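Have a look at the structure below, then the notes.
Everything quoted here is computed from the prediction, not taken from an experiment. Below, read A as the first sequence line, B as the second, and so on, with proteins coming before strands; counting in each chain starts at 1. No hydrogens, no waters, no symmetry mates; every other heavy atom, side chains included, goes into these values.
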2 protein chains.
Amino acid sequence: MLSIRQLVTNERQQYAGPVPLTLRQRNRLDAIHRIMDTAMDLFDERGYSDVTIEEIAAASGVSPRTFYRYFGTKEGLFTADPFAAVGVDRFSGQIDTGDLPGTLERLVALIDEGPGASGGGRRTSWRGMRYVMEEPSVRAAVYGALDEEAERLTVLLRDAGESPARARVIARSCMFGAYFGALEQWHLDGRSRPLRDYVREGITALTGQTAGGRAQA
Amino acid sequence: MLSIRQLVTNERQQYAGPVPLTLRQRNRLDAIHRIMDTAMDLFDERGYSDVTIEEIAAASGVSPRTFYRYFGTKEGLFTADPFAAVGVDRFSGQIDTGDLPGTLERLVALIDEGPGASGGGRRTSWRGMRYVMEEPSVRAAVYGALDEEAERLTVLLRDAGESPARARVIARSCMFGAYFGALEQWHLDGRSRPLRDYVREGITALTGQTAGGRAQA
DNA sequence: TGCCGTATTGACAGCATCTGCCAGTTCCTC
DNA sequence: GAGGAACTGGCAGATGCTGTCAATACGGCA
């Protein structure tokens, strides 16, 4: 069974080329989106913790067992979607150990785009941002997802020549500091200024330099 | 009812001055340490997920209800202790926005000391490190604790003159990157080299400078 | 020392989350 | 169109976690 992340990635890639989904896959993807939308409706209406999975399943027309098969946990509603599936994998060519500010900015920009969403992928995920920020359990789950991405990024940085300790610290600072920290401030400020500005400001805070620099590996 | 963190802080402060604990507080603190030790024994023996709270409680001589009163959750065994209670509160005088590398290093050094453990506080917490690193749910809980500390640190940095975005990114990078990242690499390397070396190496990775500099606010 | 008010604990009931299992159904492939 | 695989739903059950309340142990005071 394809994971939600794989399904979404395939769906997104349809913008760029023909990656056809089977009927089964399309049905499941529809159900997934329906469940997520329904859940957000219920959350907005009565609050996150006062909505049970049983209710979400009933309102979405699936059995509770299916909900768990799809999302694993209640928090999976937030980590299964593109928001957390930042797709660090595509960074390998973007790392320049000689230009850390530039590298960081490019990485975060790529993360922000999501997994291949070049053609205006829907941003349903932003709807759940409120609960990511406000519900500790959801926040913890998202941190777990960021952690996995940071682990992948660590490997890439090591392959690019960084020492293990340096790679680990840079990767975590990128994901939790530059990315999530900027995201949170952006959210707190009412999402008025562009997210990119926050990222850039945060990166310069770390490096003490102005984030210019180009260079492509 | 005093929180575990408050109790431990009081206990630690006995090294510096007379902060007597009542019999009730001592009994509870004993029970807390007994439960934690017993739990680690069981975890080492059969693995984290295969040990139920009921078993921990029975082996520790308390009721399950008491376990929950003490720790809240199973993961609370790891976040209630000094490892996570890093005590960012004492940093206010340590921040120098003109010397970020030095500030970071001092902050992490203070965190590493724990809450007032100047007189050789016990480090029972290191015993649970393995599960912090290996069990996703424990890791997520510790991240939650780090998150709270990062929030406190953000406030301090803002008070010191940093912009909201910069303060947030620096605080998160400090806690998740410089601190936890270094801790993880140190653990992965068998805890041979001093932790401080990893922290210093990671900080220079972020700032691109050698971490020297003094200055006290 | 002995008593009383309060803090703390244990026991019970109950809800929600999450998993294993298996039968029935739908869809893909040949 | 037939066989096989993928998928769903329902059931039972374990575990995590919380509210409640009576019973007990402690601390303060006479």
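- Of the candidates C:dC18, C:dC27, C:dG10, the closest approach to any side-chain atom of A:Glu75 belongs to C:dC18.
- Taking all atoms of both residues into account, the shortest heavy-atom contact from B:Pro64 to B:Glu54 is CG-CG, 4.2 Å.
- We find that CG of B:Asp30 is positioned 15 Å from P of C:dT8, with the value rounded to whole Å.
- Applying the salt bridge (Lys or Arg N to Asp or Glu O under 4.0 Å) rule to pairs touching residues 133-142 of chain A yields A:Arg130-A:Glu134, A:Arg139-A:Glu184, A:Arg139-B:Asp147, sequence neighbours excluded.
- A straight line from CZ of A:Arg24 to P of C:dC27 spans 7 Å, rounded to a whole angstrom.
- When the P atom of D:dT24 is taken as reference, atom CG of B:Asn27 falls 18 Å away, rounded to whole Å.
- Taking only side-chain atoms of A:Ser63, from C-beta outward, the nucleotide of D:dG9, C:dA11, D:dC17 with the closest atom is D:dG9.
- In the helix from C:dT1-D:dA30 to C:dC30-D:dG1, the terminal helix axes, each the rotation mapping four pairs' C1' atoms onto the next four within five end pairs, subtend 30°, rounded to 10°.
- Distance A:Arg65 CZ to C:dT17 C1': 12 Å, rounded to the nearest Å.
- Here C:dT26 presents its P atom at 17 Å from CZ of A:Arg26, a figure rounded to the nearest Å.
- A straight line from CG of A:Leu77 to P of C:dC18 spans 10 Å, rounded to a whole angstrom.
- For A:Tyr70, counting side-chain heavy atoms from C-beta on, the closest listed nucleotide (C:dT26, D:dT8, D:dC17) is D:dT8.
- One atom, CD of B:Gln25, and another, P of D:dG28, lie 10 Å apart when rounded to the nearest Å.
- Of the candidates D:dT20, C:dC21, C:dC27, the closest approach to any side-chain atom of B:Arg69 belongs to D:dT20.
- Here D:dC17 is the nucleotide among D:dC17, D:dG10, C:dC27 with the atom lying nearest to any side-chain atom of B:Tyr68.
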List the steps, then state whether salt bridge (charged side-chain N to carboxylate O under 4.0 Å, His left out) holds for A:Arg46 with A:Glu55. CA-CA 12 Å; A:Arg46 312 211 314 266; A:Glu55 291 171 326; 2.8 Å; yes

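- Residue side chain B:Arg28 does not reach the base of C:dT8 through any donor-acceptor N/O pair under 3.5 Å, judged by distance alone.
- Here the options are B:Met129, B:Met133, B:Glu75, the test is side chain to side chain contact (heavy atoms under 4.5 Å, CB included), and the partner is B:Val138; only B:Glu75 passes.
- Within residues 41-55 of chain B, the residues approaching DNA chain D are B:Thr52, B:Ile53, by heavy-atom distance under 4.0 Å.
- Between B:Arg127 and B:Asp41 there is a salt bridge, since a side-chain N of the basic residue sits under 4.0 Å from a carboxylate O of the acidic one.
- Taking the ring centre of B:Tyr48 as origin, the terminal cationic atom of B:Lys74 falls inside the region bounded by 6.0 Å and 45° from the ring axis.
- Relative orientation of the B:Phe78 and B:Tyr131 rings is tilted, given thresholds of 30° and 60° on the angle between their planes.
- A centroid separation of 6.0 Å or more is found between the aromatic rings of A:Phe180 and B:Phe176.
- With a 4.5 Å cut-off on side-chain heavy atoms, B:Ile35 and B:Leu77 count as touching.
- Among D:dT18, C:dC18, D:dG9, the nucleotide with an atom closest to any side-chain atom of A:Thr73 is C:dC18.
- If you measure from atom CZ of B:Phe67 to atom P of D:dT15, you get 14 Å, rounded to the nearest angstrom.
- Within the 4.5 Å cutoff, no side-chain heavy atoms of A:Tyr143 are placed close to those of B:Leu146.
- The phosphate of D:dT8 has neither OP1 nor OP2 within less than 4.0 Å of any side-chain N or O from A:Thr66.
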